[in-house]
Amino acid sequence: MSAQRIVVLGGGVFGATAALELRRRGLEVTLVDRTAGPHPDASSTDVSKMVRMDYGSDVFYHELAEAALDGWERWNRAGDHPLYHDDGFLVLSSTPMSPGGFEYESWRVLRERGYEPTRFDRSSLRARYPLWNAEVYPDGYFSPRGGWAESGRVVARLLAECTREGVKSIVGRADGLAAKGSRVSGARIRVPEGRMVDVDADHVVVCVGAWTPALVPSLSSVLRAVAQPVLHFGVADVDAYRGPAFPPFAADIAGTGWYGFPATGDGFVKLGHHSDGSPVDPDDRGMVSDHHVERARSFLANAIPSLAGAPVVGSRVCLYCDSFDGDLLIDRDPDRDGVVVAAGGSGHAFKFAPELGGIIADTVTGRDNRWAHRFRWRTTGRAGSEEARHTSDQGPTQT
Ligand SMILES: Cc1cc2nc3c(=O)[nH]c(=O)nc-3n(C[C@H](O)[C@H](O)[C@H](O)COP(=O)(O)OP(=O)(O)OC[C@H]3O[C@@H](n4cnc5c(N)ncnc54)[C@H](O)[C@@H]3O)c2cc1C
């Protein structure tokens, strides 16, 4: 019997991990994206993403991240150089951490599960992290189990592995899915010359992130594209802003949305900001506004004064593919046999990369998967509604 033919649409972290895992299970896999390498507009294509187990009281995501961390270390051992950096995760709070709050609950879950995050008060914060303004943050902790991944490079490496292991690649944009009766029969791809190419498949795996509602309109009330700004602040003394003195951080994140990363070798500190935001057209996402730059400077002046005057050397509007409840969506389309959707990263899926391929491949092949129950198909959401979003957590799921 010939191998099942799978078309994976989208080569971000969901698509690349899915294609690789499906191929390793012996299936015939074709991966389609608009460019051969990581697409510059993909959410996965960025210098860095946070990898953390700190999820408030949500033990499910804590455990998923815990499993993924083992995977990141495995990938580091297998690669010729590490793309995951175990610099830990610094959580700062401008009010005393208290039960029910994101920071306190994350700290509590870590401790209950045998980890040893270091708690701070003003004086210990000042002593250990002098770049931070300890007057602003009376409380917080550092968790050594976590760090950040060089996300764009991770995807590039995964795509190269796909090619090496026999995943076929088509450069083009999927215009729609083809069907025979109620079963999918492949995808229609517009290739760069403008021609349409039909690719036959037994299963189509839709991994197009923020573009999902365009290909699966029934999910347009469940998933939405939301623009989130990222700024790069140039630093002359790179070493001062990395290593133990400047780990990845979330600064009062449930209230303010600010988070950031150690300086890159290229000499900048990346500062991100998440919010519920407003929906955008993924192909017309706009630019980071001057107003946002001012807000970022005012945060820095207060929190990390030495960066307040640093020049903005780069900016990017990145897209969350937000589900209405903050959970990923990885499941079979109940209305179309042979279609699996893997999307809804909701601003926090990259860290799970080492687990994603397995979850998606199990969904395609009908195997049980420990994590899949949380990512089931949902239809009743109103994407972004205030009452639905993140009600199960005391703080953000994002980053
Ligand atoms: C600002 C920001 C910060 C974040 N920070 C973190 C973090 O710190 N930690 C963390 O874990 N996660 C983080 N995330 C979330 C994480 O980046 C995403 O959840 C994840 O990258 C989504 O991957 P994806 O494969 O679903 O989508 P994408 O990476 O966007 O990939 C989708 C791909 O589909 C392709 N595509 C689109 N339409 C078509 C089509 N019609 N045909 C063919 N191909 C198509 C695109 O070109 C693209 O390559 C962040 C996200 C943003 C925006």
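We count ligands from 1, going down the list as the structure has it; atoms in each ligand are counted the same way.
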Tell me which one of [options] gets a heavy atom nearest to [atom].
atom	options	answer
atom 43 (C) of ligand 1	Gly15, Ala225, Ala174, Ala342	Ala174
atom 8 (O) of ligand 1	Arg316, His273, Lys351, Met50	Met50
atom 39 (C) of ligand 1	Thr212, Val208, Val171	Val208
atom 23 (O) of ligand 1	Gly12, Ser44, Ala227	Ser44
atom 2 (C) of ligand 1	Cys318, Gly176, Gly260, Gly11	Cys318

Are any of the N or O atoms of [X] closer than 3.5 Å to those of ligand 1?
X	answer
Lys49	yes
Thr45	no
Asp41	no

Ligand 1 contact by [X], heavy-atom criterion under 4.0 angstrom:
X	value
Cys207	yes
Leu9	no
Cys321	no
Phe352	no

ask   = Which word best sums up how the rings of Tyr137 and Trp132 line up, parallel for under 30°, tilted for 30 to 60°, or perpendicular for over 60°?
value = perpendicular

Solution key, residues 300-317 side-chain donor-acceptor pairs under 3.5 Å, sequence neighbours excluded:
residue : atom : partner : partner atom : Å
Ser306  : OG   : Tyr241  : OH           : 2.7
Arg316  : NH1  : Pro40   : O            : 3.0
Arg316  : NH1  : Thr45   : O            : 3.2
Arg316  : NH2  : Ala42   : O            : 2.7
Arg316  : NH2  : Thr45   : O            : 2.8

query = For Thr212 and Ala343, which heavy atoms make the closest approach, and how far apart are they?
reply = OG1-CB, 3.4 Å

Could you list the donor-acceptor pairs under 3.5 angstrom formed by side chains in residues 76-83, with sequence neighbours left out?
residue : atom : partner : partner atom : Å
Asn76   : OD1  : Leu83   : N            : 3.1
Asn76   : OD1  : Tyr84   : N            : 3.2
Asn76   : ND2  : Tyr84   : O            : 2.8
Asp80   : OD1  : Arg157  : NH2          : 3.3

